[in-house]
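The structure under discussion appears below in the form of structure tokens.
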Amino acid sequence: MSEPRYDPKEIEPRWQRVWAQERTWEVTNEELKGETSYVLEMLPYPSGEPHIGHLKVYSVGDAVAHFHRRTGRRVLHPMGYDAFGLPAENNAIKTGQKPRDATNAAIASFQKQFREWGISIDWSREFATCDPAYYRWTQWIFLQLYENGLAYRKNAVVNWCPKDATVLANEQVVDGQCERCGTEVEARQLEQWFFRITDYADRLLDDLDTIEWPEHVKTMQRNWIGRSVGAEVSFRCDALDTEFPVFTTRPDTLFGATFFVVAPEHPDIERLAAGTGQEEEVRAYVNRALTESNEERGDAEKPKTGVFLGRHVTNPVNGEQLPIYVADYVLMEYGTGAIMAVPGHDGRDYAFAKAYDLPIRPVVEGRDPEGDADGLPYTGDGPLINSHADFDGTHNRDALEKITVWLDREGKGNASTNYRLRDWLLSRQRYWGCPIPIIHCPDCGTVSVPLDQLPVELPEIEDYAPKGKSPLAAAEDWVNTTCPRCDGAAKRETDTMDTFVDSSWYFLRYTDPDNDKAPWDPEVLNRWMPVDQYIGGVEHAILHLLYARFFTKALADLGHLNAQEPFARLFTQGMITRDGAKMSKSRGNVVSPQEIVERYGADTTRAYILFIGPPDKDADWSDKNIVGVADFLAKLWRLSALAAQGPGRGAELPNEPDGPGLELVRAANVAIEEVTRAMTGRFAFNAAIANVMKLVNACSKEYYEAGNRDPEALRYALGTASSLVFGFAPHVAADAYHLLTGERVWDEPWPAADPRFLERDSFELVVQVNGKLRDRIPAPTEATREALEEMARAAPNAQAQLEGREVVKVIVVPGKLVNIVVR
RNA sequence: GCGGGCGUGGCGGAAUCGGUAGACGCGCCAGGUUUAGGACCUGGUGACCGCAAGGUCGUGGGGGUUCAAGUCCCUCCGCCCGCACCA
């Protein structure tokens, strides 16, 4: 008989058809009894074809979704598209193809691939964020936030990308460059829309403790939010009759302040220097500082520079007159743009004082061994000195609180907390995004579009080229409208929203995607949310993940949902590299998932990407290693087909297995145990697959070498292997299981190991002498400690080591080993 | 500088608790089967010494705790990621 041949090209479409026709992976909100689970991968931005990173994230997510289903949970596993965005618009400018057409084409290609990969998606819930039926509710949420003071417009210095001709949020500027195109961003003073994410800074920080996320992602968010606790202290300039507040984390060092510094951008510089004779020098310095690039300016290593402003302020704690300097090491964006300088206890102030020969006064006792000869600057803790009789001798941590209280009582300051986090700038001067549902009326001002007029649809336009304002401004028919309040002539807001707004709530919409009365039914939503397992790339550690957390909290506060956090557990998958480098067209090292799937089939491709290593780590693609996985799946299928040709059917646990059958049953149960362990609370898919390989190897050996002595046990072992591997290679597993049993493996519960087949009546006892392995001998499982010790002492290779030595101690670990300690 | 992570054969990587290091796969070597094959099956494969039995060494370096350390503690080195003149 010729051997049956594994043919993924025939198997895979056949099972995909079954899943599509039977809508196998759909869940309805009507049948939400029992335990549920919401498994979600970050939604893709559809552009061209999916790449290998998509294949990885959905392979990981699908493995989790299947495991949750088969361990008794109803699983929500939806898919959608982050479909607004700059690439489609830039493409339109270049090729003339409308953004919607290009996006729809890309979506079609993604859908096709995801189906060909056999990902278990509930397609009934699919949407794209550029669908009016979706962005209607994006606008609705915007208005909720606007009406409640969480969205506002202000004139501010903002980041402007000259290439993309739009403003950017702080999170979208990396090293002073546009996150998307790498162009150096410019500072511009503009009127823009913001979300008040800073109101949530404390909760965004504190609630990180309530979610199971990778520590490095939490750390990045903590860094980004950047909370510092301290005090705001007022320094008065009598000459100008003005108070200058500063923020400090070290009010305990107030007595050590010997000068005062303002940022070059500080609005009062001109006024301060006026009439002091320093005007020229100050102006020259400020001009130079302002024209310097971000990189040059931000270099902490370069020598400190600054110029005396010719004025003084009064230190509120001791009345001392402190000279005011302007220096570029002080940043306008942080705190108040002015600092008190304590050179004795701050490295930067110290460097400045040394450069300009300013006095340095230590006020905390202690020396920094790395510091100068005098042990300064000293940033550690210690008792106060040189301060005031009331505080000298007090430990600085206690003094910090006391001085803050004193400042508050005297009206010279107060406890204060500062954040690095800025409000989220959401408006963009681009076309392909969600319109901001606002009307500007000359009489009524800024007016919300009434909810019953949503969505404000994005009009069709011909010219997408950015001109420094939104291309929508040219769509006059659309821009000109009437004010909903006074019916007078008014204009629509022409900026669109940052696409991160679209993706900050899509996971909520999946729970109730067809609702046209509301963004969701809160009762339904609350049954699914929060997402049990979220999976995506670490590149979104701050942007998307912070914004989504903010939206969830804000919407919860407004009573629209219960969850305080969107994603209870987060898994960040590592990158697939090629030759140790990130894949990119310019490097020419791109691995096309389509090509691999075409050659080996989706099952092999998916299983290989999981087998390559731990999924949270980066992994280098190798064309060679994939054949191991291909052979393994082929072997599983072939053996199943052969076993199915033999007598009998089914993959039931044999009644009283013995001999070779018992060995197979045992191997299957060990595999169940190991795979379950790899999947429970972990994502050790590589280890899980390795254990199934081991089981299939045992089956192979029994079939080919020994002659299939127990067909029933063989079918059980192969059925178990198919069942265990289904989440990684669903088509071949479904087919093999069907051949063996006529049943559908996804309807079967996750296999449970039978303890009877995990225990054995004898085991290999390890005999150590002084911790060194000396022998292995068979021993009965039931043997007492004494019996084990006796057997160990009698073991031939151990005996040779014991000769002429005194036994000091014997350690017996039943079922494992005996360690004889000798002298 | 601060914070997080990592370091195991020729290669990718296994090893929840401290208890046989190197599972599984690639590669390599050998054998079987086949008209042939880049198909299929089986075995071997950390280094060194040895004909063998066996021994010595071995999880980035050094030190420690322990009967026992890849695993725990200290220290040093190297690599990766994030933040960084944030007061």
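Sequence lines set the chain letters: A, B, ... in the order given, protein chains first and strands last, and positions in each chain run from 1.
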Check whether any side-chain nitrogen or oxygen of [X] sits under 4.0 Å from OP1 or OP2 of [N], and answer yes or no.
| X | N | result |
| --- | --- | --- |
| A:Arg5 | B:C40 | no |
| A:Arg420 | B:G82 | no |
| A:Asn686 | B:A14 | yes |
| A:Arg774 | B:A53 | no |
| A:Lys617 | B:G5 | no |
| A:Lys218 | B:C83 | no |

**Message:** Base, sugar-phosphate or nothing for A:Val330? Non-hydrogen atoms, less than 4.0 Å.
**Reply:**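 If one applies the 4.0 Å heavy-atom cut-off, A:Val330 turns out to touch a base.
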**Message:** By the 4.0 Å heavy-atom rule, please label A:Val766 as base, sugar-phosphate, or nothing.
**Reply:**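 Base contact.
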[atom1] of [X] versus [atom2] of [N]: gap in Å, rounded?
| X | N | atom1 | atom2 | result |
| --- | --- | --- | --- | --- |
| A:Arg222 | B:C2 | CZ | P | 18 Å |
| A:Lys694 | B:G22 | NZ | P | 11 Å |
| A:Phe632 | B:G12 | CZ | P | 22 Å |
| A:Asp616 | B:G82 | CG | C1' | 17 Å |
| A:Glu232 | B:A87 | CD | C1' | 12 Å |

**Of A:Asp620 and A:Glu215, the one whose closest RNA chain B nucleotide lies more 5'** =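 Final value for this comparison: A:Glu215.
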**Asked** Between A:Val627 and A:Met340, which is nearer to the 5' end of RNA chain B once each is assigned its nearest nucleotide?
**Response**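 Residue closer to the 5' terminus by nearest nucleotide: A:Val627.
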**Prompt:** Counting only heavy atoms not in A:Glu401, do more than 12 fall under 6.0 Å of its CD?
**Reply:**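 For A:Glu401, atom CD is not crowded (no more than 12 foreign heavy atoms under 6.0 Å).
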**Message:** Taking atom types as they are modelled, would you say the side chain of A:Lys304 forms a donor-acceptor pair with the base of B:C85 within the 3.5 Å cutoff?
**Reply:**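 By the distance-only test, yes, there is a pair.
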**Prompt:** Do the side chain of A:Asn223 and the base of B:C83 come within less than 3.5 angstrom through a donor-acceptor pair of N or O atoms?
**Reply:**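 When only heavy-atom distances are counted, A:Asn223 does not reach the base of B:C83 through any donor-acceptor pair under 3.5 Å.
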**Message:** Does B:G9 count as syn, meaning its glycosidic angle lies within 90° of 0, or as anti?
**Reply:**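 Syn.
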**Asked** Which label fits B:C57, syn or anti, where anti is any glycosidic angle not within 90° of 0?
**Response**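 Anti.
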**Closest to the A:Asp328 side chain, choosing from B:C26, B:G12, B:C85** =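 Output: B:C85.
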Could you tell me the Watson-Crick or G-U partner of [N], where both distances fall under 3.5 Å? Say none if there is no partner.
| N | result |
| --- | --- |
| B:G19 | B:C67 |
| B:C28 | B:G44 |
| B:G58 | none |

**Message:** Salt bridge check, A:Asp623 against A:Arg599: does any charged N sit closer than 4.0 Å to a carboxylate O?
**Reply:**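 Result for this pair is no, no salt bridge flagged.
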**Item:** N-O pairing of A:Lys412 and A:Glu243 below 4.0 Å
**Value:**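 So A:Lys412 does not pair with A:Glu243 through a salt bridge.
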**Request:** Cation-pi check, A:Lys304 to A:Phe352: give yes when NZ or CZ is under 6.0 Å from the six-membered ring centre and within 45° of the ring axis, no otherwise.
**Result:**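 Not satisfied by the 6.0 Å and 45° rule.
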**Message:** How close do A:Asn691 and A:Ala671 get, counting heavy atoms only, and between which atoms?
**Reply:**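 Heavy atoms of A:Asn691 and A:Ala671 come nearest at O-CB, 4.1 Å.
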